[in-house]
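Reviewing the structure listed below.
Source: prediction; values computed, not measured. For this chain, numbers begin at 1 and follow the sequence in order.
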Amino acid sequence: MATAAQWIEGARPRTLPNAIAPVLAGTGAAASIEGAVWWKAVLALLVSLALIIGVNYANDYSDGIRGTDDVRVGPLRLVGQKLASPAAVKNAAIISLAIGAIFGLVLVIATAWWLLLVGAACLAGAWFYTGGSKPYGYSGFGELAVFVFFGLIGVLGTEFVQAERIEWAGLVLAIGVGAFSSAVLVANNLRDIPTDTESGKVTLAVKLGDPRTRTLHLALLAVPFIATLLLVVRTPWALVGLVAVPLAVRANAPVRSGKGGLELIPALRDSGLALLVWSAVSALALGIVG
């Protein structure tokens with residue numbers, strides 16, 4: 001029987017910046033066009049947090065029953081390490097996703113019915129990342145999905161439910177957030193290349209190989225700062241996004257120095273921290289405009 005602390009660790013709290021950042025960025029984009037609605041921002045945050053916890057438990061369940069997590073060099077896995085039953089972890093995933101769906105339904109009712117389709121796509125994306133007979137996370141599409149769901153949909157969805165329109169600055173923020181979020185997954189999958197190869201999990205990192213995956217991580221970390229320069233067109237305050245550069249450099253340090261295994265954990269942590277800081281200050285800069 002897993003302890004409460006193990007259940008919390010199994011939810012992978014280090015991934016929470018991936019859920020918080022798009023809501024911050026989307027709210028900043030909405031504020032820049034005088035459309036911020038704070039209760040909707042709070043609901044969007046609850047949806048995002050519930051979905052990422054749900055997808056983390058779903059991944060733990062699906063990877064665990066496939067045996068992918070039998071040999072891990074990364075964080076705790078509830079099913080793979082036999083700390084909790086597969087059924088219990090599956091139920092935790094379903095409950096988390098259902099909570100996200102309920103909060104999302106409130107936003108749908110308050111905004112537009114067609115957002116139901118977006119929500120359904122998010123729920124399907126969460127489950128079939130590693131679930132089902134042909135999980136897309138096992139075919140190299142994980143980074144693309146993260147870019148779409150936690151970048152484009154997360155940021156633009158948050159902007160739309162508040163302002164009920166989308167503007168170019170929101171799209172630029174969405175691209176930056178998506179790139180950062182994908183960088184977190186790239187660092188994770190770089191670490192897992194040996195074990196994923198052995199278990200038959202064909203991630204993008206497995207397809208690209210070690211050297212090109214390291215290059216990809218650097219490229220993804222550069223994208224948000226290009227976005228910062230574009231946002232200067234809206235406001236010179238956008239340059240505050242550059243305060244995240246040292247964090248991005250630190251995040252890439254273990255990757256560019258050839259580290260592997262547990263030595264890549266700081267790359268995950270610092271990529272997420274850079275994401276959170278960049279999103280927060282960039283959102284604040286755009287909010288000043290509004």
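Residue pairs meeting the side chain to side chain donor-acceptor pair (under 3.5 Å) criterion with at least one partner in residues 165-180, sequence neighbours excluded, are E167-R234. Judged as a side chain to side chain donor-acceptor pair (under 3.5 Å), the pairs with a partner in residues 257-270 (not counting sequence neighbours) are, in order, R250-D270. Within the structure, no pair that satisfies the side chain to side chain donor-acceptor pair (under 3.5 Å) test touches residues 149-161, not counting sequence neighbours.
With values rounded to the nearest 0.5 angstrom, T111 atom OG1 is found 11.0 Å from L116 atom CG. We find the CZ-CG distance between R12 and L268 to be 11.0 Å, quoted to the nearest 0.5 Å. Going from atom CG of L173 over to atom CG of L156 covers 9.0 Å, rounded to the nearest 0.5 Å. The structure places OG of S48 at 6.5 Å from CD1 of I52, a figure rounded to the nearest 0.5 Å. Taken to the nearest 0.5 Å, the OG atom of S62 stands 9.5 Å off from the CZ atom of F128. How far CZ of R214 is from NE2 of H217: 10.0 Å, rounded to the nearest 0.5 Å.
The shortest distance between side-chain heavy atoms of T228 and V172 does not fall below 4.5 Å. Between L76 and L83, some side-chain heavy-atom pair lies under the 4.5 Å cut-off. R256 places none of its side-chain heavy atoms less than 4.5 Å from the side chain of L218. In this structure, the side chains of I265 and R14 come closer than 4.5 Å at one or more pairs of heavy atoms. Contact annotation: the side chain of W38 approaches that of T27 to within less than 4.5 Å [non-hydrogen atoms, C-beta and beyond]. Put simply, the side chain of S181 reaches to within 4.5 Å of the side chain of L275, judged on heavy atoms. T203 places none of its side-chain heavy atoms less than 4.5 Å from the side chain of N188.
When all heavy atoms of A58 and A126 are compared, the closest pair comes out as CB-O, 4.3 Å. The heavy-atom pair separating V146 from S182 by the smallest distance is CG1-N, 3.7 Å. Nearest heavy atom pair, residue A187 against residue A267, reads CB-CB, 4.1 Å. The shortest non-hydrogen separation linking A11 to I53 is CB-CG2, 4.1 Å. The two atoms that bring Q162 and A30 nearest to each other are CB-CB, 3.9 Å, heavy atoms only. Counting all heavy atoms, side chain and backbone alike, P194 lies closest to R191 at CD-O, 3.7 Å.
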Legend entry - Criterion side chain to side chain contact (heavy atoms under 4.5 Å, CB included) on I102 and V47, from CA distance to verdict: CA-CA 8 Å; I102 291 169; V47 170; over 6 Å; no
Inset, instruction - Carefully, step by step, assess Y61 and N91 under the rule side-chain hydrogen bond (donor to acceptor under 3.5 Å, both in side chains). - result: CA-CA 9 Å; Y61 164 75; N91 288 338; over 6 Å; no
Inset, instruction - Verify side chain to side chain contact (heavy atoms under 4.5 Å, CB included) between V106 and I109, making sure each step is shown before the conclusion. - result: CA-CA 5 Å; V106 177; I109 293 170; 5.8 Å; no
Legend entry - Worked check of salt bridge (Lys or Arg N to Asp or Glu O under 4.0 Å) between K201 and D63: CA-CA 9 Å; K201 184 176 182 179; D63 283 344; 3.4 Å; yes
Legend entry - CA sep, side-chain torsions, deciding dist, call: N56, T15, side-chain hydrogen bond (donor to acceptor under 3.5 Å, both in side chains): CA-CA 9 Å; N56 287 340; T15 65; 2.9 Å; yes
Inset, instruction - Take F180 and L221, measure what side chain to side chain contact (heavy atoms under 4.5 Å, CB included) needs, and give me the verdict at the end. - result: CA-CA 6 Å; F180 260 136; L221 290 178; 3.6 Å; yes
Inset, instruction - Start with the C-alpha gap between E143 and N189, add the side-chain angles, then the distance that decides, and say whether side chain to side chain contact (heavy atoms under 4.5 Å, CB included) holds. - result: CA-CA 10 Å; E143 285 78 3; N189 289 343; 3.0 Å; yes
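Residues meeting the side chain to side chain contact (heavy atoms under 4.5 Å, CB included) test with A110, sequence neighbours left out: W39, K40. Under the rule for a salt bridge (Lys or Arg N to Asp or Glu O under 4.0 Å), R212 has no partner lying at least two apart in sequence or in another chain. For the ring-ring contact (aromatic ring centres under 6.0 Å, His included) test, residues two or more places apart in sequence or in another chain that qualify with W114 are F160. Every ring-ring contact (aromatic ring centres under 6.0 Å, His included) that Y136 has, sequence neighbours left out, goes to Y129. With sequence neighbours excluded, no residue satisfies ring-ring contact (aromatic ring centres under 6.0 Å, His included) with F147. Checked against ring-ring contact (aromatic ring centres under 6.0 Å, His included), Y57 has the following partners two or more places apart in sequence or in another chain: W7.
Of the residues V42, V108, L43, the one that meets the side chain to side chain contact (heavy atoms under 4.5 Å, CB included) test with F103 is L43. Screening L286, V240, L242 for a side chain to side chain contact (heavy atoms under 4.5 Å, CB included) involving V281 leaves a single residue, V240.
V184 and V177 are members of different hydrophobic clusters when ILVMFWY side chains are connected at heavy-atom separations under 4.5 Å. With hydrophobic clusters built from ILVMFWY side chains whose heavy atoms lie under 4.5 angstrom apart, L230 shares a cluster with V245. Linking ILVMFWY side-chain heavy atoms closer than 4.5 Å, directly or via other members, places V155 and V233 in a single hydrophobic cluster. The hydrophobic cluster containing V249 also contains F225, counting ILVMFWY residues as joined when their side-chain heavy atoms lie under 4.5 angstrom apart, directly or transitively. In this structure, L144 is a member of the same hydrophobic cluster as V55, with clusters built from ILVMFWY side-chain heavy atoms closer than 4.5 Å.
The other members of the hydrophobic cluster of L220, by chain and number, are V186, L204, L208, L216 (side-chain heavy atoms under 4.5 Å, ILVMFWY only). Hydrophobic clustering, defined by side-chain heavy atoms of Ile, Leu, Val, Met, Phe, Trp and Tyr closer than 4.5 Å, leaves I94 isolated from every other such residue. Its side chain within the 4.5 Å cluster rule, L264 clusters with L190, I193, V255 among the Ile, Leu, Val, Met, Phe, Trp and Tyr residues.
Without hydrogens or angle criteria, D60 side chain to V79 main chain gives a donor-acceptor distance under 3.5 Å. Using modelled atom types, no side-chain atom of T235 and backbone atom of L231 make a donor-acceptor pair closer than 3.5 Å.
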